[in-house]
Structures are given as structure tokens and as C-alpha cells.
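Right, one structure below, let's go through it.
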Amino acid sequence: MSEISIRDISRRFGAIQALDGISLDFPAGSFTALLGPSGCGKSTLLRLVAGFEAPDAGSIRFGSQLVADPVRQVRPEKRGVGMVFQSYALWPHMDVAGNVSYPLRTRGLEKGTIEQKVADVLAMVGLTGLGARKVDELSGGQRQRVALARCIVADAGIILFDEPLANLDIHLRATMVDVFGDIHRATGATIVYVTHDQGEALALADRIAVLDRGRLLQVGSPIEIYRAPVHVNVAGFVGRGAIVNGQAVDHRDDLAVVEISGLRIEARGAGIKSGPVRILLRPEALALAHAGLPAVVKSSTYRGPVHELRLSLGTGEEILLDDPQAHVVGEHVHVAISDAWVIPDA
Ligand SMILES: Nc1ncnc2c1ncn2[C@@H]1O[C@H](COP(=O)(O)OP(=O)(O)OP(=O)(O)O)[C@@H](O)[C@H]1O
Ligand SMILES: [Mg+2]
């Protein structure tokens with residue numbers, strides 16, 4: 001049974017179709033990252049699940065319970081959903097423990113129980129001993145941890161995160177990624193995590209859903225999304241690489257022989273048809289070699305530990321490759337291809 005089941009959800013704001021017929025299930029206990037360009041509808045989808053927006057069409061169920069359709073909406077506070085935003089929305093005049101214990105105090109729990117629960121969640125987010133600190137005496141990363149603790153302490157079965165790390169610098173983001181993993185393991189909650197950052201999504205989530213202009217393009221495991229994107233916009237949005245034109249000259253099951261600039265290679269695909277195709281080439285599947293695809297070095301950029309080479313093919317198309325050595329612009333090289341993916345919906 002799915003914990004959250006979204007069916008044919010649409011939501012329009014004036015002339016903007018923010019969500020356009022989205023159907024998506026979030027299994028109980030799953031950790032799903034919602035990825036997509038700015039304005040694609042990620043926050044709107046979260047707000048619909050939390051109950052801050054109502055759908056124009058479609059339905060949302062938690063288990064078998066209908067929580068929203070165009071005529072009936074369960075109020076946000078009745079949904080048992082925790083939500084953490086980019087802006088932490090903490091009370092600056094309260095100390096850490098006061099902020100974190102707020103959801104418990106509103107339930108009228110005993111003082112001892114509250115203190116124990118607060119200590120437990122502060123330990124979970126790495127803030128042990130900071131309960132008496134004022135919020136305005138904390139760093140950005142520590143404030144974000146307080147917001148997480150306040151969300152976890154409420155014991156919600158569903159937790160929604162809307163770009164929770166967007167305000168933090170790159171080092172803090174990296175350390176916080178582990179905290180989210182810990183929270184998921186400790187709470188067993190169904191988590192939906194919105195981010196712009198594909199690295200964060202690949203590292204954290206067991207599933208990734210990619211949205212574009214209010215539509216769901218693909219949902220799958222991080223490996224599926226990276227290795228077998230069903231749409232050019234998924235391929236372009238997740239991971240580095242290049243999409244080039246080719247011809248499928250032969251195919252059997254989900255393997256094909258494709259021709260790129262005169263070179264024949266084997267490619268993976270799904271439901272491949274003969275004729276023109278769009279082919280995804282990831283940098284790690286390409287290497288400089290004595291024979292292969294002829295190309296010219298357009299740029300060589302040190303990315304530590306490798307040099308990222310931007311190469312131009314005879315067709316004018318560009319590909320990306322990582323090489324241990326720096327190369328000079330204008331150098332003629334050959335590229336061997338060990339893996340390629342025929343994008344089905346290109
Ligand atoms: N209350 C609103 N009134 C009018 N337009 C809105 C409203 N909320 C969202 N929109 C529009 O709906 C579209 C989707 O917005 P949404 O906030 O869901 O995008 P997003 O994917 O979260 O983007 P970002 O990554 O920038 O946060 C955008 O074009 C946005 O301008
Ligand atoms: Mg948003």
C-alpha cells in the first residue's frame with residue numbers, strides 16, 4: 001500500500017499551469033527526491049500534500065484516506081505531515097529546547113516526557129547540550145538542525161522538506177546530508193525532499209522524481225535516472241554528459257547498434273526503433289584512445305583530480321570526457337565509447 005498516492009493532480013495559478021496531471025505514489029517509508037528546474041511545480045506539489053493548497057483536479061490519498069480532491073480537503077493540522085522549509089521559521093526569542101518542544105507542549109505531554117524526547121531528537125541532529133542556547137546565537141547550520149529537530153519530534157509519518165539546505169554553504173550542506181539519512185533511518189517516515197541539487201538527490205534518496213513544467217517526466221531509482229533517463233530533459237538535468245544525434249542501424253531487445261559520426265557502437269535502450277536517435281554519452285563511459293570517434297579539443301579544465309575535456313565532433317556536436325592529463329585546445333584526438341544510452345522520448 002502506498003503511503004501517499006497522488007492521482008491526476010492539476011493546479012493552475014491564473015495563466016500558469018503549475019501542475020498538469022501528475023500521478024505519483026510515495027511508498028510507506030520511502031525517501032523520494034523531487035528534482036526539476038525552478039518553477040516546475042515542486043513546492044506546489046509539496047504544499048498540496050501538506051494541505052496549504054487545494055487541487056483543481058485529481059486526488060491525494062494517505063493510505064486509503066482521501067485527504068484532498070477539488071471539493072474536500074483535510075485541514076493541514078489534521079494530516080500528520082511535518083514540513084521543513086528553506087527559511088527555518090524558528091522563534092528567535094525562545095531557546096533551542098523551547099523551539100523543539102513546541103509541538104509537544106501544544107499536545108499537553110508531561111514535562112519529563114517532553115525533556116526526554118527533546119534530548120533524543122537533539123542528539124539525532126547533533127545538537128546535544130545546546131538546548132539552552134538562544135536561536136539567534138546559533139550558526140545557520142545549527143538553526144537548520146533545530147528546525148529539523150522540531151519537525152522530527154512531532155513524530156509525523158510523512159515529512160516534507162522544501163530545499164532545506166538552500167541557505168547553507170557547501171561544506172555544511174555536505175555534513176547535513178548525513179543527518180537526513182539518519183533521520184530517515186531513525187523515524188521510518190515517508191520523506192519527500194525537494195532540491196535543485198542533483199548531487200544531494202542522488203546521494204540521499206531511494207527514488208527520484210523529475211518534474212518539468214508541471215509534468216512528471218520520470219520516477220525511478222537514482223541509478224535508473226542517471227543511467228536510463230527516458231527524456232532529454234531528465235538526461236540534461238541529472239548528471240554531466242552530452243546528448244548527440246545518431247542512427248540506430250540494428251536492434252535486438254534493449255540493445256542496439258548505433259552510428260555516431262560514422263562510428264558504430266553498441267548502446268543500451270528501451271523499445272529502440274531503427275532510424276534517427278538521440279544518444280546520451282556520460283563522461284565516465286568515454287576515454288581517449290588510438291581509434292574511435294575523431295574529435296578536437298575545445299577546452300581542457302582542471303576539475304581535480306581529472307581534467308574535463310570538452311571535445312567537438314565532426315558534426316559540431318560537443319561531448320565531455322575526463323582525462324588524467326591536460327590537453328591543448330585544437331588537439332586532434334580519438335574517443336572510445338564503452339557505454340551509451342538511446343533516449344526513448346527524444
Ligand atoms: N500562489 C501563487 N500564485 C501565482 N503563481 C504561483 C503561486 N505559487 C506558484 N506559482 C507559480 O507556479 C509555478 C510553480 O511554482 P513552484 O513554486 O511550485 O515552483 P518550484 O518548482 O518550487 O520552483 P523553485 O525551484 O524556484 O522553488 C511557477 O510558475 C510559480 O510562479
Ligand atoms: Mg520551490
Side-chain angles (χ1 to χ4, degrees), residues 1-7 9 11 13 18-19 22 24-32 34 41-111 113-118 120-122 124-125 135 143-164 180 183-184 186-194:
M1 183 180 69
S2 282
E3 180 73 3
I4 310 172
S5 173
I6 293 177
R7 282 288 162 278
I9 281 285
R11 179 71 167 102
F13 298 105
L19 294 174
I22 299 241
L24 183 56
D25 287 343
F26 300 90
S30 60
F31 192 135
T32 307
L34 280 186
K42 304 181 294 293
S43 295
T44 304
L45 191 60
L46 282 200
R47 292 171 58 76
L48 277 158
V49 172
F52 303 128
E53 298 281 355
D56 298 330
S59 65
I60 300 174
R61 285 187 165 73
F62 293 170
S64 56
Q65 189 202 1
L66 179 76
V67 294
D69 68 14
V71 290
R72 276 179 305 165
Q73 276 97 42
V74 175
R75 291 211 310 270
E77 61 276 17
K78 300 274 181 211
R79 292 194 187 190
V81 172
M83 190 156 174
V84 177
F85 303 89
Q86 177 181 339
S87 59
Y88 326 128
L90 298 172
W91 289 284
H93 59 282
M94 275 190 213
D95 62 15
V96 168
N99 270 278
V100 173
S101 62
Y102 182 79
L104 302 179
R105 283 183 283 133
T106 60
R107 282 185 212 165
L109 292 185
E110 267 178 42
K111 194 160 173 273
T113 313
I114 291 178
E115 280 170 6
Q116 187 56 53
K117 280 183 181 268
V118 169
D120 288 348
V121 293
L122 287 182
M124 203 189 293
V125 299
V135 163
R143 286 177 205 202
Q144 187 54 274
R145 287 169 197 252
V146 175
L148 288 180
R150 189 179 55 189
C151 177
I152 305 164
V153 84
D155 258 337
I158 295 171
I159 304 180
L160 310 175
F161 293 111
D162 197 349
E163 310 231 21
F180 284 97
I183 290 171
H184 186 222
T187 61
T190 304
I191 292 181
V192 187
Y193 185 100
V194 166

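Values in this document were obtained by computation on a predicted structure and should not be read as measured data.
Note: Phe26 CZ to Ile6 CD1 = 4.5 Å, rounded to the nearest 0.5 Å. Atom CG of Leu19 sits about 6.0 Å away from atom CG of Leu48, to the nearest 0.5 Å. Here Asp25 contributes atom CG and Glu3 contributes atom CD; the two are 11.5 Å apart, rounded to the nearest 0.5 Å. Once rounded to the nearest 0.5 Å, the distance linking CG of Leu66 with CD of Gln73 reads 9.0 Å. Between the CG atom of Leu46 and the CD atom of Glu163 there is a distance of 9.5 Å, given to the nearest 0.5 Å.
Under the rule for a side-chain contact (heavy atoms from CB on, under 4.5 Å), the partners of Lys111 that lie at least two apart in sequence or sit in another chain are Glu115. For Thr187, there are no side chain to side chain donor-acceptor pair (under 3.5 Å) partners two or more places apart in sequence or in a different chain. Evaluation of the side chain to side chain donor-acceptor pair (under 3.5 Å) rule for Arg11 yields Glu53 as partners, not counting sequence neighbours. Checked against side-chain contact (heavy atoms from CB on, under 4.5 Å), Ala18 has the following partners two or more places apart in sequence or in another chain: Phe13, Thr44. Among residues two or more places apart in sequence or in another chain, the side-chain contact (heavy atoms from CB on, under 4.5 Å) test is passed with Ser101 by Arg105, Ile114, Val118. By the ring-ring contact (aromatic ring centres under 6.0 Å, His included) test, Tyr102 pairs with Trp91, sequence neighbours left out. Residues that satisfy the side-chain contact (heavy atoms from CB on, under 4.5 Å) test with Thr113, not counting sequence neighbours, are Glu110, Lys117. Judged as a side chain to side chain donor-acceptor pair (under 3.5 Å), and not counting sequence neighbours, the contacts of Ser59 are Arg61.
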Please list, one pair per line, the donor and acceptor atoms closer than 3.5 Å that link side chains of residues 145-153 to other protein atoms, with sequence neighbours excluded.
from, atom 1, to, atom 2, distance (Å)
Arg145, NH1, Val125, O, 2.8
Arg150, NH1, Ala89, O, 3.1
Arg150, NH2, Tyr88, O, 3.3
Arg150, NH2, Ala89, O, 2.9

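Here the closest heavy-atom approach between residue Ala50 and residue Met83 is recorded as CB-SD, 3.8 Å. Residues Ala68 and Pro55 approach most closely at CB-CD, 4.1 Å, considering heavy atoms. Contact record, Ala156 with Gly82: CB-N, 3.5 Å, taken as the closest heavy-atom pair.
In this structure, Phe180 has its ring center under 6.0 Å from that of Phe161.
Of the residues listed (Ile158, Val192, Ile159, Ile4), the one engaging Val81 in a side chain to side chain contact (heavy atoms under 4.5 Å, CB included) is Ile158, and it is the only one. Each of Leu160, Leu45, Leu34, Thr32 was compared with Val194 under the side chain to side chain contact (heavy atoms under 4.5 Å, CB included) criterion, and only Leu34 meets it.
For residues 76-103, the set of pairs meeting the salt bridge (Lys or Arg N to Asp or Glu O under 4.0 Å) definition, not counting sequence neighbours, comprises Arg75-Glu77. Residue pairs meeting the salt bridge (Lys or Arg N to Asp or Glu O under 4.0 Å) criterion with at least one member in residues 64-73, sequence neighbours excluded, are Asp69-Arg72.
A perpendicular orientation is assigned to the rings of Phe31 and His184, their planes being inclined by more than 60° (bins at 30° and 60°).
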>> Run the side chain to side chain contact (heavy atoms under 4.5 Å, CB included) test on Gln144 and Leu90 for me, step by step, so that the C-alpha distance in whole Å, both residues' side-chain angles and the decisive distance to 0.1 Å come before the verdict.
In response: CA-CA 9 Å; Gln144 187 54 274; Leu90 298 172; over 6 Å; no
>> Could you go through Val135 and Arg143, starting from their C-alpha distance and side-chain angles, then the distance that decides it, and tell me whether this counts as side chain to side chain contact (heavy atoms under 4.5 Å, CB included)?
In response: CA-CA 7 Å; Val135 163; Arg143 286 177 205 202; 4.3 Å; yes
